[in-house]
Amino acid sequence: MPHLNLHDSRSRKIVPFVPLDPGNVRVYFCGPTVYDLAHIGNLRAMVTADILVRVLRHLYPRVTYVRNITDVDDKINARARENGEPIDALTARTIRDFHEDLAAIGMLPPDVEPRATHHIGEMLDMIGRLIAGGHAYEAQGHVLFAVDSFAAYGALSGRSPDDLLAGARVEIAPYKREAGDFVLWKPSEPDLPGWESPWGRGRPGWHIECSAMSHRYLGESFDIHGGGSDLLFPHHENELAQSQCCFPHGRFANHWLHNAMLLVDGEKMSKSLGNFLTVRDVLRDTPAEALRLLLLHAQYRSVLNFTRAGLAEAKQTLDRFYRALGDVPADMQGPLPEPVLAALCDDLNTPRVLAEMHALADRALAGDTGAATGLRVAGRMIGVLQQTPDDWFRAGADVDSAAIDALIADRLAARKARDFARADAIRAELAERGIVLEDSAAGTTWRRA
RNA sequence: GGUCCGGUGGCAGAAUGGUGAUGCAGCGGACUGCAAAUCCGCGAAUGUGGGUUCGAUUCCCGCCCGGACCUCCA
């Protein structure tokens with residue numbers, strides 16, 4: 001069995017993955033801040049985590065996958081006010097929508113999905129310990145982490161504290177001792193969510209929740225922490241600092257995994273550019289597996305440019321794979337083809353997985369049922385090819401299949417009578433409705449265009 | 001301005017110190033009443049200038065271009 005090698009953001013190298021406890025691999029990924037529908041950039045991070053966890057589950061008997069939900073945040077407060085709705089209603093609805101969207105894309109649920117607001121006690125406990133240890137201080141109702149109390153601050157993201165100061169483009173709050181100090185706890189206005197604390201009624205800063213929840217569910221040291229590359233600094237740097245200062249005997253995350261950003265039509269996705277796409281926007285006219293496959297078409301550390309043409313190509317690739325599957329049932333069991341596993345173990349090289357799947361499809365189309373089974377198993381491994389070919393080719397066709405069968409019978413009669421004008425008219429009529437007819441030795445079948 | 005990542009055929013996208021996968025698109029052919037699918041074949045790439053080396057796309061340096069981040073916030 002090949003060994004799993006993963007890129008580690010801290011060392012910026014691909015290194016062998018060695019679990020702390022092979023009997024229970026522990027993984028934490030930063031989940032969503034729930035104030036709006038998931039967009040396709042969010043989705044890329046979720047798919048990266050999903051593939052990683054699938055590979056880990058294949059290699060190890062038990063994996064504990066924790067993905068948090070940030071449900072206390074200034075963006076949430078602002079959105080709730082904008083919408084004129086209670087914060088609880090906004091977060092509950094957004095979480096429900098998020099779960100629906102991820103399920104549609106074939107994402108395995110995390111084992112634990114902790115919410116920040118359910119772990120305020122753990123956060124307060126950590127903050128108290130940080131103050132006691134001289135790593136945090138209170139100033140004007142805020143509690144701040146003192147970055148100069150952690151010698152390794154900046155090591156994860158590869159920045160020196162001097163670099164950080166040089167480029168600071170945000171006004172430094174006057175109560176900070178050092179410009180790099182960040183908020184652990186801050187006062188909350190009466191109309192905003194808040195919890196009583198030794199420092200007054202307040203709410204947590206952004207980073208402390210992940211430190212508190214990962215500790216609660218995974219311990220002082222765990223295997224992998226991941227998220228989008230935009231989280232590397234400051235979010236993960238700060239999490240690491242807090243956690244290591246609070247639990248000096250732990251290593252926090254042993255291994256850091258970050259996925260590159262997604263662009264839309266070559267540009268950063270933003271509402272002002274008009275290229276902001278939610279998962280739902282895409283799924284309105286695209287099969288979910290096509291969206292998933294598109295995200296797997298690039299290795300997770302490469303910037304991925306999302307385009308409609310790319311989406312169409314992903315759909316076409318799945319057409320080919322579904323043809324190659326033939327009669328192999330969706331739940332067919334078999335060994336995962338070795339080249340596929342080798343590609344996954346090579347830093348989750350999903351493009352190479354797809355190349356291997358094309359090779360399997362070639363053999364399957366040539367009549368090799370073992371290869372067709374291998375394709376099924378490989379597809380299941382990466383969360384695609386979960387349907388029957390009929391379902392894939394006919395889903396979304398807004399038609400009455402009995403009527404189509406009748407037209408196919410009419411056309412067959414016309415062809416027998418060598419009335420090709422009539423036969424072609426039927427083909428054209430169905431084409432108008434988005435139906436493609438395919439003649440073969442075995443008869444005529446139809447699919448959606 | 002600072003730190004980091006990247007630039008491979010028309011497009012997407014792997015890999016590699018020794019003749020550069022895979023898919024899409026294109027072209028030619030087989031098959032087909034037509035079409036689709038499938039099959040066979042063809043053309044097509046390492047941003048740029050140096051350096052190291054017998055040999056560089058791969059390693060090093062400069063330049064150009066693109067991207068992420070630069071601390072609670074857009």
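We name chains A, B, ... by the order of the sequence lines, and we start the count at 1 in each one.
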- Can R67(A) be said to sit on top of Y28(A)'s aromatic six-ring, NZ or CZ under 6.0 Å from centre and within 45° of the ring axis?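 No, R67(A) and Y28(A) do not form such a contact.
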- Message: Taking the six-membered ring of F393(A) as reference, does the cationic atom of R448(A) (NZ for Lys, CZ for Arg) lie under 6.0 Å from its centre and within 45° of its axis?
- Response: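 The answer is no; the distance or angle limit is not met.
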- Item | Residues which pass side chain to side chain contact (heavy atoms under 4.5 Å, CB included) with V183(A), listed by chain and number, not counting sequence neighbours |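 Side chain to side chain contact (heavy atoms under 4.5 Å, CB included) list for V183(A), sorted by chain: H142(A), L144(A), K186(A).
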- Query: Taking only residues two or more places apart in sequence or in another chain, which ones pass side chain to side chain contact (heavy atoms under 4.5 Å, CB included) with P248(A)?
  - Reply: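 P248(A) satisfies side chain to side chain contact (heavy atoms under 4.5 Å, CB included) with no residue once adjacent residues are dropped.
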For atom [atom1], what is the distance between [N] and [M], given to the nearest Å?
N       : M       : atom1 : result
rA15(B) : rA45(B) : C1'   : 14 Å
rU57(B) : rG13(B) : C1'   : 16 Å
rC59(B) : rA14(B) : P     : 16 Å
rG6(B)  : rA25(B) : C1'   : 25 Å
rU32(B) : rG18(B) : P     : 46 Å

- Which of these passes salt bridge (charged side-chain N to carboxylate O under 4.0 Å, His left out) with E189(A): R201(A), R203(A), R81(A)?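 Exactly one pass, corresponding to R203(A).
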- Query: Pick the nucleotide of RNA chain B nearest each of D181(A) and M261(A); which residue has the one closer to the 5' end?
  - Reply: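 Going by which nucleotide is closer to the 5' end, it is M261(A).
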- Side-chain donor-acceptor contact under 3.5 Å, T117(A) with D71(A):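 Yes, D71(A) and T117(A) have a side-chain donor paired with an acceptor closer than 3.5 Å.
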Set out, line by line, the N/O atom pairs under 3.5 Å between protein and nucleotides 35-45 of chain B.
residue	atom	partner	partner atom	Å
rA35(B)	N1	D439(A)	N	3.0
rA35(B)	N3	R427(A)	NH1	3.4
rA35(B)	N3	R427(A)	NH2	3.0
rA36(B)	O2'	E438(A)	OE2	2.8
rA36(B)	O2'	R447(A)	NH2	2.9

- Message: Looking at rC69(B), I'd like to know if its phosphate oxygens (OP1 or OP2) sit under 4.0 Å from a side-chain N or O belonging to K268(A).
- Response: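 K268(A) to rC69(B) OP1/OP2: side-chain N or O found under 4.0 Å.
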- Name the nucleic acid region contacted by D230(A), choosing base, sugar-phosphate or nothing; use a 4.0 angstrom heavy-atom cut-off, strictly under.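 D230(A): backbone/sugar contact only, no base atoms under 4.0 Å.
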- Message: For a quick check of understanding: with a heavy-atom distance under 4.0 Å over all strands, which category does H235(A) fall into, base, sugar-phosphate or nothing?
- Response: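 Answer is nothing: H235(A) stays at 4.0 Å or more from every strand.
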- For RNA chain B, list all stems, counting runs of three or more consecutive pairs where every pair is Watson-Crick or G-U wobble with both distances under 3.5 Å.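 Correct response: B:1-7 with B:64-70, B:10-12 with B:22-24, B:26-30 with B:38-42, B:47-51 with B:59-63.
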Pair up each side-chain donor or acceptor in residues 360-373 of chain A with any protein partner under 3.5 Å, not counting sequence neighbours, and list the distances.
residue	atom	partner	partner atom	Å
D362(A)	OD1	R320(A)	NH2	2.3
D368(A)	OD1	G370(A)	N	2.9
D368(A)	OD1	A371(A)	N	2.9
T373(A)	OG1	T369(A)	O	3.1

- Query: Only one of D347(A), N349(A), T350(A) forms a side-chain hydrogen bond (donor to acceptor under 3.5 Å, both in side chains) with Q299(A), so which one is it?
  - Reply: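 Output: one option passes, namely D347(A).
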Whole-Å distance between [N] [atom2] and [X] [atom1]?
X       : N       : atom1 : atom2 : result
H7(A)   : rC4(B)  : NE2   : P     : 13 Å
F233(A) : rC73(B) : CZ    : P     : 15 Å
W185(A) : rC72(B) : CH2   : P     : 19 Å
L296(A) : rG23(B) : CG    : P     : 18 Å
N259(A) : rA68(B) : CG    : C1'   : 11 Å

- Check C30(A), S9(A), S157(A) against H236(A) for a side-chain contact (heavy atoms from CB on, under 4.5 Å) and give me the one that passes.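 Single pass found, and it is C30(A).
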- Item | Heavy atoms of other groups near Y35(A) OH, more than 12 under 6.0 Å |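 Atom OH in Y35(A) is not packed in, count stays at 12 or less.
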- Query: Taking the six-membered ring for Trp, are F252(A) and H225(A) ring centroids under 6.0 Å apart?
  - Reply: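 They qualify: ring centres under 6.0 Å apart.
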- Message: I'd like to know whether the aromatic ring centres of F182(A) and H207(A) sit less than 6.0 Å apart in this structure.
- Response: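 Yes, they do, as the ring centres are separated by less than 6.0 Å.
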What nitrogen or oxygen pairs link the protein and nucleotides 5-15 of chain B at under 3.5 Å?
residue	atom	partner	partner atom	Å
rA12(B)	O2'	H297(A)	NE2	2.7
rA14(B)	OP1	Q299(A)	N	2.8
rA14(B)	O3'	N349(A)	ND2	3.0
rA15(B)	OP1	N349(A)	ND2	3.0

